[in-house]
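Quick notes on the structure that follows.
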There are 2 protein chains.
Amino acid sequence: MSLRFGILGLLKYKSMTGYDLQKTFNSSLQFMWNAKTSQIYRELKTLESQQLVSSSVIEQESKFDRKVYTITTKGNEAFLRWLQKFPQDLNAPIRDEFIMRIFFSEFMDDDEVSFEIRRYQKQQEDLLQILNLIQNKAELDAKENSYERSLFYWLLTIKRAMKSIEAEKEWAEESLALIESRKG
Amino acid sequence: MSLRFGILGLLKYKSMTGYDLQKTFNSSLQFMWNAKTSQIYRELKTLESQQLVSSSVIEQESKFDRKVYTITTKGNEAFLRWLQKFPQDLNAPIRDEFIMRIFFSEFMDDDEVSFEIRRYQKQQEDLLQILNLIQNKAELDAKENSYERSLFYWLLTIKRAMKSIEAEKEWAEESLALIESRKG
DNA sequence: AGGATCATGTAACCGGTTACATGATTAC
DNA sequence: GTAATCATGTAACCGGTTACATGATCCT
């Protein structure tokens with residue numbers, strides 16, 4: 001139910017093709033929402049049928065056509081109505097396969113568990129690096145296009161992702177130590 | 001795809017009814033996986049048709065019947081096969097409506113944003129309290145039923161949830177301060 | 001020449017959510 | 001008496017995933 005509003009929100013900044021939308025999702029909203037290409041195209045079709053977005057085909061010489069989506073007045077209203085009504089329960093539902101596997105790890109060898117936790121730790125470090133790049137890019141982007149006001153909140157969401165990844169890394173480190181010390 | 005293995009894993013500890021399974025989910029796996037009652041009953045039916053679990057109706061005098069599910073040998077094998085093959089990518093897909101709304105908060109009044117972040121902070125504190133209760137209960141439970149080995153990993157998963165909630169709380173505190181300081 | 005990326009989709013499936021339905025038992 | 005909890009489900013819908021399909025353009 002929120003994907004549609006993610007799309008509408010991004011289109012408020014700039015009109016885009018489905019392809020661009022997915023790219024933007026992956027470089028800004030990826031730490032809050034995941035979306036597959038197929039889902040975006042389907043959602044755009046629905047949004048257009050409800051007149052929340054409109055599309056126009058842009059012809060380009062030497063390149064093939066692009067179908068650019070623009071948010072409509074009606075779409076803008078729907079977006080703002082959604083934004084101003086936060087749900088009562090603000091906690092995101094969790095579905096984390098990795099931690100469920102850790103929960104059941106008594107049925108595995110400790111060494112294998114350690115191996116997987118180390119792998120997890122590594123992946124978190126990689127994510128941190130990506131987040132750093134995104135943060136730098138966000139700051140540049142905002143200065144160039146004078147998005148100063150939106151930058152503030154964008155940086156808040158990036159900081160949240162970073163903090164949470166730092167916590168995961170710490171947990172991994174401590175858990176590895178605990179597993180090690182339990183051996184003796 | 002992981003719900004089925006969550007069910008199988010829990011049934012390894014104890015045979016249960018669908019109702020009990022949901023209760024157990026809510027007091028142990030709730031910070032890793034969410035499941036609705038209807039989904040559990042549907043999944044149990046599927047699991048039974050594949051002979052991964054079996055059911056027997058227990059008649060009770062003065063009470064009505066209970067349909068108790070037990071994991072089969074085949075189910076046990078399937079569970080262990082799943083457990084020993086961790087996916088390459090260990091990151092859980094994120095779908096967090098709250099933080100997406102924060103991302104778009106430039107279109108809201110700062111005071112409203114602060115209000116929602118405070119509400120979020122409060123909800124995180126409530127979760128921490130619940131986690132503390134769960135942790136205490138887990139420790140008691142494990143001692144009574146000699147689950148010592150599974151307790152170790154259970155506590156690891158609880159600690160991870162706590163750490164991540166602490167990080168959220170910190171983020172909320174810092175964000176509120178930033179929003180406040182930006183006013184001047 | 002060949003691989004990466006741009007670009008736009010469709011179809012089928014599967015898993016999760018919402019709403020509905022029913023009724024017994026227990027604790028206050 | 002009545003509200004909460006125990007207990008078991010069904011049906012319809014919706015959103016997300018996987019796999020397929022196609023072809024142009026850009027970079028090396």
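Naming convention: chains lettered A, B, ... in sequence-line order (proteins, then strands); numbering from 1 in each chain.
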Qualifying residues under salt bridge (Lys or Arg N to Asp or Glu O under 4.0 Å), relative to A/K163, sequence neighbours excluded
B/E170, B/E174
Which residues pass the salt bridge (Lys or Arg N to Asp or Glu O under 4.0 Å) test with B/K169, not counting sequence neighbours?
none
Bend across the helix from C/dA1-D/dT28 to C/dC28-D/dG1, to 10°, with axes taken over 5 pairs at each end?
50°
Please report, rounded to the nearest Å, how far the [atom2] atom of [N] is from the [atom1] atom of [X].
X: A/I7; N: D/dG16; atom1: CD1; atom2: C1'; value: 13 Å
X: B/I58; N: D/dC6; atom1: CD1; atom2: C1'; value: 16 Å
X: A/N26; N: C/dC6; atom1: CG; atom2: P; value: 11 Å

When every nucleotide of nucleotides 8-15 of chain C is labelled 5' to 3' by its protein contacts under 4.0 Å (heavy atoms), B for base, S for sugar-phosphate only, - for none, what sequence of letters results?
BBBB---S
Partners passing side-chain hydrogen bond (donor to acceptor under 3.5 Å, both in side chains) against [X] (at least two apart in sequence or in another chain):
X: B/N34; result: none
X: B/Q135; result: none
X: A/K159; result: none

Whether B/K23 contacts D/dT5 is assessed here as follows: a side-chain N or O lying under 4.0 Å from the phosphate OP1 or OP2. Is that the case?
no
Answer yes or no: is there a donor N or O on one side and an acceptor on the other, between the side chain of A/E168 and the main chain of A/Q121, under 3.5 Å?
no
Please list all pairs passing the side chain to side chain donor-acceptor pair (under 3.5 Å) test where one or both residues lie in residues 77-94 of chain B, with sequence neighbours left out.
A/Q124-B/N91
B/K45: side-chain contact (heavy atoms from CB on, under 4.5 Å) partners, not counting sequence neighbours
none
